[in-house]
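Read the structure below first, then the notes.
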Amino acid sequence: MVEPHPSAPLHARQGARPSEQELATLREKARFIRLETIRLIEIAKVGHYSSVFSCAEIFASLYYGVMRLRRGEPGWEGRDRFLMGKGHAAVGLFPVLADWDYIPREMLDGYTRLGSPLGDHPDMTKVPGIDFSSGSIGHALSNGAGIAIGARMRGADFNVFVMLGDGEMQEGQVWEAALFAAHHKLSRLIAIVDRNGYQLDGKVDDVIGVESLKEKWSAFGWQVHEVDGHDLSALTALLRGLRSDAARSGPACVIARTVKGKGVSFMETEPGWHLGYLAPADARVAIEEIMAREI
């Protein structure tokens, strides 16, 4: 399913929990995503640390343990597609694309600088490996559903993964897309809700309550699963199983329970880190904690 990767050859067996070796690699990749996020935001001088940290394990699981990809071939037609509703987490995805040789690694060093294709949000017209230009919240699932039904019409067999923020559940277009996908039985479509509990304006359920998500998605005709979004073993096994479930007759939704800012304790307790900048001393503390903690 996943093509061998030079730094971490993984074997994504259908529905299997990752081996201890695979798990160690996945953890290292999640750490790499957090560290590179800090490095790139230092270039930009402002960025979305905590939004990336809540989904670092989701990125690691998908790109190194679940999705079918070919190293160095971002346009390979048989690849699984990935779309981000929460496009502000792109700073954590760009290093992964470089790690897969989709973009030059030196491109990262110009993140957000004048003339760089790497901005605060992903642009599919400029960045190889980006399947959807996101930034305006609420559109990703519609596009994912369109890609999935288009693939069916062409007889293609790839899967479409769409990661959504939990604040994004307040957007009406999400639920229109959910109805469409269930009606058309888009079994190759898998949504992942990063349920970290916070959005820009505070707690999601203080802004507009979205629970109970499990019952809502189920009522809209989706197969629904809940998982600890930082448990790489459980998360990867679940996503592998959904990807290979040929018997599923419709779309699936994974509600990943996560912690915003996961991995850096002072970010986990302060929602203001949705957008911010780490002064050099604070950055050193964050890096040391990321290096020392095993999530």
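Quantities reported herein were computed from a predicted structural model and do not represent experimental measurements.
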Practice problem: First locate atom OG of Ser233, then atom CZ of Arg17, and finally report the distance between them rounded to the nearest 0.5 Å. | Solution: 4.0 Å
Exercise. Would you kindly check if the NZ (Lys) or CZ (Arg) of Arg71 is within the cone defined by 45 degrees around the ring axis of Trp100 and under 6.0 Å from the six-membered ring centre?
Key: no
Quiz item: Rounded to the nearest 0.5 Å, what separation is found between the CG atom of Leu189 and the CG atom of Leu141?
Solution: 6.0 Å
Exercise. Find out if a path of hydrophobic residues (ILVMFWY) with successive side-chain heavy-atom gaps under 4.5 Å connects Trp222 to Val227.
Key: no
Exercise. Using a 4.5 Å cut-off on heavy atoms from C-beta on, say whether the side chain of Leu278 contacts that of Ile41.
Key: no
Quiz item: Quick one: does Leu179's side chain get under 4.5 Å of His183's, heavy atoms only?
Solution: no
Exercise. Hey, could you give me the CD1/CG distance between Ile255 and Leu213, rounded to the nearest 0.5 Å?
Key: 5.0 Å
Practice problem: May I ask you to decide if the ring planes of Phe220 and Trp175 are parallel, tilted or perpendicular, using 30° and 60° as cut-offs? | Solution: tilted
Practice problem: Indicate the atoms forming the closest heavy-atom contact of Gly167 with Val204, along with that distance. | Solution: N-CG2, 3.9 Å
Practice problem: Using a 4.5 Å cut-off on heavy atoms from C-beta on, say whether the side chain of His225 contacts that of Cys253. | Solution: no
Quiz item: Side chains of Tyr102 and Glu73: do they bring a donor and an acceptor to under 3.5 Å?
Solution: no
Quiz item: Where is the tightest heavy-atom contact between Ser134 and His121, given as atom of each residue plus distance?
Solution: O-CB, 3.1 Å
Practice problem: Return the minimal non-hydrogen interatomic distance between Val210 and Asp166, and the atom names on each side. | Solution: CG1-O, 4.2 Å
Practice problem: Start with the C-alpha gap between Trp273 and Val264, add the side-chain angles, then the distance that decides, and say whether side chain to side chain contact (heavy atoms under 4.5 Å, CB included) holds. | Solution: CA-CA 11 Å; Trp273 282 106; Val264 178; over 6 Å; no
Quiz prompt | Presence of salt bridge, Asp109 and Arg113, under 4.0 angstrom | solution = no
Quiz item: Are the aromatic ring centres of Phe132 and Phe82 under 6.0 angstrom apart?
Solution: no
Practice problem: Kindly work out whether a path of hydrophobic side-chain contacts (I/L/V/M/F/W/Y, heavy atoms less than 4.5 Å apart) joins Met67 to Ile147. | Solution: no
Exercise. Answer yes or no: is there a donor N or O on one side and an acceptor on the other, between the side chain of Ser244 and the main chain of Arg240, under 3.5 Å?
Key: yes
Quiz item: Given Asp120 and Val46, is the side chain to side chain contact (heavy atoms under 4.5 Å, CB included) satisfied, shown in steps?
Solution: CA-CA 9 Å; Asp120 193 45; Val46 67; over 6 Å; no
Quiz item: Are Arg81 and Phe158 in a cation-pi setup, meaning NZ or CZ lies under 6.0 angstrom from the ring centre and within 45 degrees of the ring axis?
Solution: yes
Quiz item: Do the non-hydrogen side-chain atoms of Ile103 and Pro128 ever get within less than 4.5 Å of each other?
Solution: yes
Quiz item: Hey, are the side chains of Asp228 and Leu235 touching, using non-hydrogen atoms and a 4.5 Å cut-off?
Solution: no
Quiz item: In terms of side-chain geometry, is the basic nitrogen of Glu168 or Lys86 positioned less than 4.0 Å from the acidic oxygen of its partner?
Solution: no
Quiz item: Does Gln199 reach the main-chain N or O of Asp201 with its side chain, forming a donor-acceptor pair under 3.5 Å?
Solution: no
Practice problem: Kindly check if the number of other-residue, nucleotide or ligand heavy atoms within 6.0 Å of NZ (Lys216) is above 12? | Solution: yes
Quiz item: Any luck finding a side-chain donor-acceptor pair between Asp123 and Thr125 under 3.5 Å?
Solution: yes
Quiz prompt | Pair Asn196-Ser54, side-chain hydrogen bond (donor to acceptor under 3.5 Å, both in side chains): steps then yes or no | solution = CA-CA 7 Å; Asn196 61 36; Ser54 70; 3.1 Å; yes
Quiz item: Backbone N or O of Ala177 within a donor-acceptor pair of the Ser142 side chain at under 3.5 Å?
Solution: no
Practice problem: Taking the side chain as every heavy atom from C-beta outward, state whether Pro18 and Leu26 have any pair of such atoms under 4.5 Å apart. | Solution: yes
Quiz item: Between Glu211 and Arg257, does at least one N-O distance fall below 4.0 Å, as a salt bridge requires?
Solution: yes
Quiz item: Would you say Glu36's side chain and Pro95's backbone share a donor-acceptor pair under 3.5 angstrom?
Solution: no
Practice problem: Run through Leu93, Ile58, Val193, Leu62 and flag the one making a side-chain contact (heavy atoms from CB on, under 4.5 Å) with Met163. | Solution: Ile58
Quiz item: Does the pair Arg195/Asp205 count as a salt bridge with the N-to-O cut at 4.0 Å?
Solution: yes
Quiz item: Would Asn143 and His139 satisfy side chain to side chain contact (heavy atoms under 4.5 Å, CB included), going step by step from the backbone distance to the final call?
Solution: CA-CA 6 Å; Asn143 282 269; His139 305 311; 4.1 Å; yes
Practice problem: Answer yes if Leu35 and Tyr277 sit in the same cluster of Ile, Leu, Val, Met, Phe, Trp and Tyr residues linked by side chain heavy atoms under 4.5 Å apart, and no otherwise. | Solution: yes
Quiz item: Do the side chain of Arg152 and the main chain of His184 share a donor and acceptor less than 3.5 angstrom apart?
Solution: yes
Quiz item: Any side-chain heavy-atom pair from Phe53 and Ile38 closer than 4.5 angstrom?
Solution: yes
Practice problem: Answer yes or no: is there a donor N or O on one side and an acceptor on the other, between the side chain of His230 and the main chain of Val259, under 3.5 Å? | Solution: yes
Practice problem: Quick one: sort the His48 and His274 rings into parallel, tilted or perpendicular, breaks at 30° and 60°. | Solution: perpendicular
Quiz item: Would Glu77 and Arg70 pass as an ion pair if we require N to O under 4.0 Å?
Solution: no
Exercise. For residues Tyr49 and Gly276, report the shortest heavy-atom separation together with the two atoms involved.
Key: CE1-O, 3.4 Å
Quiz item: Between Glu268 and Gly263, is there a donor-acceptor pair closer than 3.5 Å when you use the side chain of the first and the backbone of the second?
Solution: yes
Quiz item: So, Ser187 and Arg248: side-chain donor and acceptor under 3.5 Å apart, yes or no?
Solution: no
Exercise. Decide yes or no for Leu97 and Ile130: does some side-chain heavy atom of the first lie under 4.5 Å from some side-chain heavy atom of the second?
Key: yes
Practice problem: Calculate, to the nearest 0.5 Å, the distance between atoms CG and OH belonging to Leu118 and Tyr111 respectively. | Solution: 8.0 Å
Quiz item: Salt bridge check: are Asp194 and Lys260 linked by an N-O gap of less than 4.0 Å?
Solution: no
Quiz item: Measuring from Gln223:CD to Ser249:OG, what's the distance to the nearest 0.5 Å?
Solution: 8.0 Å
Exercise. May I ask you to say whether Arg284 pairs ionically with Glu42, meaning some side-chain N is under 4.0 Å from a carboxylate O?
Key: no
Quiz item: Rounded to the nearest 0.5 Å, how far apart are CD1 of Ile137 and CG of Leu200?
Solution: 10.0 Å
Practice problem: Dump the intermediate steps for salt bridge (Lys or Arg N to Asp or Glu O under 4.0 Å) on Glu57 and Arg34, then the final yes or no. | Solution: CA-CA 10 Å; Glu57 279 72 33; Arg34 289 186 171 90; 2.8 Å; yes
Practice problem: Could you pull out the closest heavy-atom pair between Ala191 and Leu164, with the gap in Å? | Solution: CB-CD1, 4.4 Å
Self-check item: Considering all heavy atoms, the nearest Thr112-Ala44 contact
Solution: OG1-CB, 3.3 Å
Quiz item: Between Asp157 and Arg188, is there a side-chain N and carboxylate O pair less than 4.0 Å apart?
Solution: no
Practice problem: Please lay out, stage by stage, how Ile33 and Tyr63 fare under the test side chain to side chain contact (heavy atoms under 4.5 Å, CB included). | Solution: CA-CA 11 Å; Ile33 290 165; Tyr63 276 86; over 6 Å; no
Self-check item: Short side-chain to backbone donor-acceptor contact, Arg79 and Arg68, under 3.5 Å
Solution: no
Exercise. Compute whether any side-chain donor of one residue and acceptor of the other, for Ser265 and Glu289, lie under 3.5 angstrom apart.
Key: yes
Quiz item: Are Arg31 and Glu28 ion-paired here, with the side-chain N under 4.0 Å from a carboxylate O?
Solution: yes
